[in-house]
*Asks:* 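Next up is a structure, given as structure tokens.
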Amino acid sequence: MKRLSVIVIVHDMRRAAPRTLYTLSAAHQRGVTEDDYEVIVVENGSSAPLDPAEATSFGANFRYVRLDGHRPSPGPAINAGVAMSDAPAVAIMIDGARMVTPGAVAWALRALDAFDRTVIATIGFHLGEFQPVAVEHGYDEAVEDELLASVDWRADGYRLFEIAGLAGSSLSGWFAPLGESNLVFMPRTVFDELGGYDEAFVQPGGGLVNLDFYKRAAALEDVEWLVLLGEATFHQIHGGAATNRPQSRLGETLKEFQAEYKALRGKTFIRSPRQPTLYGALPPAAKAWLGRMAEGRRPEPGRIWGRG
């Protein structure tokens, strides 16, 4: 039996998902083998699905499942993917456009071995910069492809830190509570205790379903609450419901998300104040981010990818 099942949700991601899946493969992840974990790729009703042969080409530990009848929220697809898994621990990637640093799986497995009940989060970056701002200044798929080609990320996945900016939910990086995590690990028993993702969230992209799940997990007092130091996910542009909405229109979208959350929970969403413990190591490529995280700074549009 595998020690971990990684559930990856994809929807119309032919360009972005193969890079994500490569970063989750044992060819990229350090200190683990295909025997340690599996990756279950769940195609959530895409009109342009992945080629199943490509999706499973990254290792014998990859499985591909296509769900027909697309539902706007990925919550049901996540719950279906977890139901198909056999491992005693799960990792959830709600957005299959997010590339992963090379030590994430190994460090998560160490933490899962060290603690009976734990939730292990990763912080989030956007390739280029904070993408709702970047797209208003000309950032697009072609620019991002050139940006990725400028660093040898396949040889050293930590080089993604050189070409990225912090996501809004992770603005203080490793030094403050997160709004959500786009690659979160936990024992299957903890996932089941939480009831999985709430399928009552029906906004495109799930609205605040991922933030809701993370906040509910943070409310479990008897779990060891960790964030992986030096590891992260990196969002590729793909037309996401919120991540790639231009900044000028993002406020309207977030109001709709908050309205749904309030209808379901009876109050406005506020992130959990719970401060996690840092767990892991700091690779050299990530050290430059320490000062920026402490100050909560974002780069000027175009600074990283050369346009303004």
Side-chain angles (χ1 to χ4, degrees), residues 2-8 17-41 58-59 61-62 87-115 118-127 148 151-167 169-170 172-176 178 180-187 214 224-236 276-290 292-293:
K2 309 293 186 185
R3 299 163 63 193
L4 172 70
S5 295
V6 183
I7 314 301
V8 181
R19 283 192 286 238
T20 294
L21 299 180
Y22 173 79
T23 64
L24 286 168
S25 72
H28 187 78
Q29 289 295 314
R30 302 175 184 176
V32 291
T33 70
E34 292 181 357
D35 292 335
D36 290 314
Y37 68 105
E38 66 174 347
V39 179
I40 302 176
V41 184
F58 300 97
N61 58 335
F62 278 69
V90 294
I92 307 301
M93 179 180 282
I94 191 171
D95 180 355
R98 295 180 181 269
M99 301 165 73
V100 185
T101 47
V105 173
W107 278 111
L109 286 173
R110 290 189 187 104
L112 288 163
D113 287 342
F115 304 101
T118 183
V119 174
I120 307 145
T122 54
I123 67 171
F125 284 76
H126 289 184
L127 291 175
L148 283 164
V151 296
D152 192 0
W153 61 269
R154 289 181 181 271
D156 181 3
Y158 291 111
R159 295 204 63 186
L160 294 172
F161 283 112
E162 300 173 21
I163 58 169
L166 284 162
S169 61
S170 303
S172 296
W174 296 299
F175 301 126
L178 305 178
E180 65 177 327
S181 176
N182 288 282
L183 180 61
V184 60
F185 305 79
M186 63 189 66
Y214 189 77
E224 192 71 29
W225 194 251
L226 306 175
V227 165
L228 294 182
L229 176 65
E231 307 299 330
T233 65
F234 296 82
H235 185 264
Q236 303 170 73
T277 299
L278 295 178
Y279 188 88
L282 192 66
K287 289 181 179 179
W289 274 100
L290 296 182
R292 295 180 223 173
M293 288 177 178

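Reckoned from all heavy atoms, side chains included, excluding hydrogens, waters and symmetry mates.
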*Asks:* Does some side-chain heavy atom of Val227 sit less than 4.5 Å from a side-chain heavy atom of Leu178?
*Replies:*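 Of all side-chain heavy-atom pairs linking Val227 with Leu178, at least one is under 4.5 Å.
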*Asks:* Check the pair Trp153, Phe234 against ring pair (Phe, Tyr, Trp, His ring centres under 6.0 Å), reporting the backbone distance first and the verdict last.
*Replies:* CA-CA 12 Å; Trp153 61 269; Phe234 296 82; over 10 Å; no
*Asks:* Who are the side chain to side chain contact (heavy atoms under 4.5 Å, CB included) partners of Ala281, not counting sequence neighbours?
*Replies:* Trp107
*Asks:* Report yes if the side chains of Phe185 and Ile92 come closer than 4.5 Å at any heavy-atom pair, otherwise no.
*Replies:* no
*Asks:* Do His235 and Asp95 have a side chain donor and acceptor closer than 3.5 Å?
*Replies:* yes
*Asks:* Taking only residues two or more places apart in sequence or in another chain, which ones pass salt bridge (charged side-chain N to carboxylate O under 4.0 Å, His left out) with Glu162?
*Replies:*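 For Glu162, the residues satisfying salt bridge (charged side-chain N to carboxylate O under 4.0 Å, His left out) (neighbours in sequence not counted) are Arg159.
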*Asks:* With sequence neighbours left out, what residues match Tyr22 under side chain to side chain donor-acceptor pair (under 3.5 Å)?
*Replies:*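 Tyr22 satisfies side chain to side chain donor-acceptor pair (under 3.5 Å) with no residue once adjacent residues are dropped.
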*Asks:* Ignoring hydrogens and angles, state whether a donor on the side chain of Gln236 or Arg98 is under 3.5 Å from an acceptor on the partner side chain.
*Replies:*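 No, because no side-chain N or O of Gln236 sits under 3.5 Å from a partner of the opposite role on Arg98.
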*Asks:* What pairs with Ala89 under side chain to side chain contact (heavy atoms under 4.5 Å, CB included), at least two apart in sequence or on another chain?
*Replies:* Leu4, Leu112
*Asks:* Say whether, by atom type as modelled, one donor and one acceptor occur between the side chain of Thr233 and the main chain of Met99 under 3.5 angstrom.
*Replies:*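 Side chain of Thr233 to backbone of Met99, a donor-acceptor pair under 3.5 Å: no, none is there.
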*Asks:* Counting only N and O atoms by type, is there a donor-acceptor contact under 3.5 Å from the side chain of Tyr37 to the main-chain atoms of Leu24?
*Replies:* yes
*Asks:* For Asp113, enumerate each residue passing the side chain to side chain contact (heavy atoms under 4.5 Å, CB included) test, keeping only those at least two apart in sequence or located in another chain.
*Replies:* Arg3
*Asks:* Would you confirm whether Glu224, through its side chain, and Thr118, through its main-chain N or O, come within 3.5 Å as a donor-acceptor pair?
*Replies:*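 Absent.
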*Asks:* Could I get the full list of side chain to side chain contact (heavy atoms under 4.5 Å, CB included) partners for Glu38, not counting sequence neighbours?
*Replies:*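 Only Lys2, Ser5, Ile40, Arg63, Ser85 meet the side chain to side chain contact (heavy atoms under 4.5 Å, CB included) criterion with Glu38.
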*Asks:* Could you tell me how the ring of Phe161 sits relative to the ring of Tyr158: parallel (under 30°), tilted (30 to 60°) or perpendicular (over 60°)?
*Replies:*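 Parallel, since the angle between the ring planes stays under 30°.
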